[in-house]
Amino acid sequence: MRLVLLGAPGSGKGTQAKLLTEKLHVPHISTGDLLRAAVAAETPLGQAAKEVMDRGELVSDDIVLGMLKERLQADDAAKGFILDGFPRNLVQAEMLDQLLGEIDMPVEHAVLIQVDPEEVVARIAKRAEAEGRADDTEEVVRHRLGVYRQQTEPVVEHYRQAGVLSEVHGTGSIEEVQQRILEVLRF
Ligand code: ADP
């Protein structure tokens with residue numbers, strides 16, 4: 001199963017992806033997690049990315065795509081993947097289409113998790129208390145939401161036109177949302 005999860009910051013993509021990985025037996029690949037690991041390891045890439053992430057902007061397409069390509073080459077990704085946080089703009093969506101097209105393994109499903117923007121701000125405020133992510137302050141969150149609307153929402157249309165998009169409501173319990181996703185995947 002080759003799946004892309006779409007949704008605003010705080011929509012629950014990461015939470016749902018972690019659960020789905022057990023049901024679908026494919027790895028969860030989060031570009032946000034990959035980037036945070038690079039930041040924590042203080043690699044040159046991580047050092048370059050940190051400031052951009054802390055501002056709530058997107059890290060450059062080349063950096064993220066390079067990281068993703070490497071991750072997709074690992075053995076466990078041969079049977080599929082759940083992508084979380086990628087693609088985040090149209091250029092990345094086209095790069096991914098090209099990459100997967102070359103190996104004749106296109107994205108099979110894109111699932112958009114829909115959550116009201118105010119709910120998202122409230123959820124992230126909670127996460128900020130628990131995890132202390134530098135980009136979870138209210139000001140940066142609002143900026144990330146703006147970046148989402150401008151740059152990532154067109155990606156939703158990209159997958160709609162490709163005929164692989166499904167939409168689910170992201171409010172309710174974690175289990176309820178999980179069930180809705182499994183239903184649209186007919187799993
Ligand atoms: P969220 O979905 O809550 O915003 P992520 O963990 O997906 O959190 O992303 C955190 C930050 O990492 C983003 O704001 C951005 O700076 C960077 N990032 C993650 N994925 C990408 C990507 N595909 N392209 C560019 N930047 C990315």
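All values below were derived from every heavy atom in this structure, side-chain atoms included, with hydrogens, water molecules and symmetry-related copies excluded. What you see is a predicted model; the values in this text were computed from it and never measured.
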Are [Y] and [X] linked, directly or through intermediate hydrophobic residues, by side-chain heavy-atom contacts shorter than 4.5 Å (ILVMFWY only)?
X	Y	result
L68	Y159	yes
L35	L96	yes
V156	V177	no
V26	I181	yes
L6	V184	no

Search all heavy atoms of [X] against all heavy atoms of [Y] and return the closest pair with its distance.
X	Y	answer
G170	I113	CA-CG2, 3.6 Å
Q92	N89	N-OD1, 2.7 Å
G56	V147	O-CG2, 3.7 Å
K23	F187	O-CE2, 3.4 Å

Notebook entry, point to check: Other than V140, what residues sit in its cluster of Ile, Leu, Val, Met, Phe, Trp and Tyr side chains whose heavy atoms are under 4.5 Å apart, directly or through others?
Noted result: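 Members alongside V140: none; it stands by itself.
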Between atom [atom1] of [X] and atom [atom2] of [Y], what is the distance when rounded to the nearest 0.5 Å?
X	Y	atom1	atom2	answer
F81	L100	CZ	CG	4.5 Å
D116	T171	CG	OG1	8.5 Å
L3	L5	CG	CG	4.5 Å
R180	Q114	CZ	CD	11.0 Å
Q73	I103	CD	CD1	9.0 Å
K13	L83	NZ	CG	12.0 Å

Do the non-hydrogen side-chain atoms of [X] and [Y] ever get within less than 4.5 Å of each other?
X	Y	value
E119	S11	no
P87	V4	yes
H143	E57	yes
V115	R123	yes
V141	P9	no
L65	F86	yes
R88	V155	no
L58	V52	no

Check: When you check the side-chain N and O atoms of E42 and Q47, is any donor under 3.5 Å from an acceptor?
Finding: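 Q47 and E42 do not have a side-chain donor-acceptor pair below 3.5 Å.
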Item checked: Modelled atom types, side-chain donor and acceptor of H169 and E176, under 3.5 Å ->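 There is no such pair between these side chains.
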Next item on the list: Taking atom CD of E153 as the centre, report whether more than 12 heavy atoms of other residues, nucleotides or ligands fall under 6.0 Å from it.
Entry: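 Enclosed: over 12 neighbouring heavy atoms sit under 6.0 Å from CD of E153.
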Next item on the list: Please test L20 against H28 for side-chain contact (heavy atoms from CB on, under 4.5 Å), starting from the C-alpha separation and ending with a verdict.
Entry: CA-CA 8 Å; L20 283 171; H28 166 209; over 6 Å; no
Checklist line | R55/E139 under salt bridge (Lys or Arg N to Asp or Glu O under 4.0 Å): CA gap, chis, key distance, verdict | finding: CA-CA 9 Å; R55 285 202 309 267; E139 197 192 338; over 6 Å; no
Next item on the list: Show the numbers, then the answer: is there a side-chain contact (heavy atoms from CB on, under 4.5 Å) between R149 and L145?
Entry: CA-CA 6 Å; R149 239 169 266 134; L145 281 172; 4.0 Å; yes
Checklist line | NZ/NE/NH1/NH2 to OD/OE distance under 4.0 Å, R144 and D136 | finding: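 Here R144 pairs with D136 in a salt bridge, since their nearest N and O are under 4.0 Å apart.
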Check: Is it true that R160 and E157 have a side-chain N and a carboxylate O under 4.0 angstrom from each other?
Finding: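 Looking at R160 and E157, the cut-off is met.
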Check: Would E94 and H158 count as a side chain to side chain donor-acceptor pair (under 3.5 Å) if you check the C-alpha gap in whole Å, the side-chain angles of each, and the deciding distance to 0.1 Å?
Finding: CA-CA 9 Å; E94 279 153 18; H158 176 84; 4.8 Å; no
Margin query: Could you go through R36 and M53, starting from their C-alpha distance and side-chain angles, then the distance that decides it, and tell me whether this counts as side-chain contact (heavy atoms from CB on, under 4.5 Å)?
Written below: CA-CA 9 Å; R36 279 185 290 277; M53 293 171 75; 3.9 Å; yes
Margin query: Whether the side chain of R71 engages the backbone of I29 through a donor-acceptor N/O pair (distance < 3.5 Å, no angle test) should be reported.
Written below: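 Absent.
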Margin query: My understanding is that only residues two or more places apart in sequence, or in another chain, count here; which of them pass salt bridge (Lys or Arg N to Asp or Glu O under 4.0 Å) with D97?
Written below: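 Per chain and number, D97 pairs via salt bridge (Lys or Arg N to Asp or Glu O under 4.0 Å) with no residue.
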